[in-house]
Engineer: 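One structure coming up, written as structure tokens, with questions to follow.
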Amino acid sequence: MLWWHRSVRPGIGVAFTDTAAGNLAFSVGSPDQARANRRRLEQSLGLPSDGLQFMTQVHGNQVARIHSGRYLPDTGPTADAMVSRGQALAVLVADCVPVVLAGEGPDGSPVLAVAHAGRAGVASRVVPRTIEAMHAEGARHIAAWVGPSVCGHCYEVPAALQAEVAAVEPATAATTRQGTPSLDLPAGVLSQLDAAGVQADWIQSCTLEEPGLFSHRRDAGSGAEGRIAGVIYALS
Ligand SMILES: [Zn+2]
């Protein structure tokens with residue numbers, strides 16, 4: 001169920017799910033099944049039922065602040081990043097880059113965040129905006145975990161599109177194994193984290209190449225489409 005799961009700091013856990021956790025998004029497949037899979041994931045992480053805040057992702061760069069005790073069931077806020085003072089958060093992907101972050105607030109309590117960084121999110125700098133929102137909460141000692149996504153060898157794009165994204169984030173310019181233009185989204189995210197002074201761990205797996213992960217580019221139209229989640233939570 002969990003592709004990667006670590007206690008990253010005392011009382012703080014990070015997880016990335018795999019296909020065995022099932023589809024976790026309402027945007028593909030059966031909403032009832034996604035809801036059941038979410039409850040199963042929460043249980044496996046020791047979280048209460050409805051303890052994980054998801055969001056409705058739209059390939060934008062809005063950062064939603066999740067206030068304690070203001071949980072929004074099912075679809076959550078319309079945003080591509082969230083920041084909380086301890087509420088467990090989830091980001092959904094199938095080739096885009098899932099980023100989870102943790103910092104320490106002025107009172108020592110955790111400041112948690114997630115971000116959904118696809119092509120549009122890297123170009124519109126959703127990850128730097130998320131870090132700014134964490135700073136606004138007084139967060140220090142911020143670290144990030146970058147989860148599985150499509151890799152730079154697999155994400156072929158037209159040359160004009162590559163140029164457009166690379167103009168904003170030069171680290172994304174890459175080539176496929178066939179030598180055609182591609183985008184390396186995790187490289188772009190890691191570069192943005194580095195520029196913001198945030199240390200990052202990269203869980204380096206390619207969603208398109210790994211059958212144990214969901215890939216939109218591989219699975220679309222196959223009837224087996226789904227979304228994996230990147231999760232960050234604080235155990236109280
Ligand atoms: Zn790949």
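As the structure lists them, so they are numbered: ligands from 1, and atoms in each ligand from 1.
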Engineer: Suppose we screen for side-chain contact (heavy atoms from CB on, under 4.5 Å). Which residues come up paired with Pro128, at least two apart in sequence or across chains?
Structural biologist: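 Partners of Pro128 by the side-chain contact (heavy atoms from CB on, under 4.5 Å) criterion, ordered by chain and then number, come out as Arg125, Gln192.
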Engineer: If you measure from the Lys or Arg side-chain nitrogens to the Asp or Glu carboxylate oxygens, is any gap between Arg177 and Glu209 under 4.0 Å?
Structural biologist: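 Yes, Arg177 and Glu209 are salt-bridged.
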Engineer: Are any side-chain N or O atoms of Thr17 and backbone N or O atoms of Ala21, one a donor and one an acceptor, separated by less than 3.5 Å?
Structural biologist: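 The answer is no, because no donor-acceptor pair under 3.5 Å joins these two groups.
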Engineer: Can you sort out the partners of Asp50 under side chain to side chain donor-acceptor pair (under 3.5 Å), two or more places apart, ordered by chain and number?
Structural biologist: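 Asp50 satisfies side chain to side chain donor-acceptor pair (under 3.5 Å) with Arg39, Tyr71 only.
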Engineer: Partners of Ala163 by side-chain contact (heavy atoms from CB on, under 4.5 Å), sequence neighbours excluded?
Structural biologist: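 Result, side-chain contact (heavy atoms from CB on, under 4.5 Å) vs Ala163: none returned.
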Engineer: For Thr75, does its backbone N or O pair with a side-chain atom of Thr56 as donor and acceptor, under 3.5 Å?
Structural biologist: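 It does hold such a pair.
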Engineer: I'd like to verify the contacts: list protein N, O or S atoms under a distance of 2.8 Å from the Zn ion (ligand 1).
Structural biologist: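 Metal shell, protein only: Cys151 SG, Cys154 SG, Cys206 SG, Glu209 OE2.
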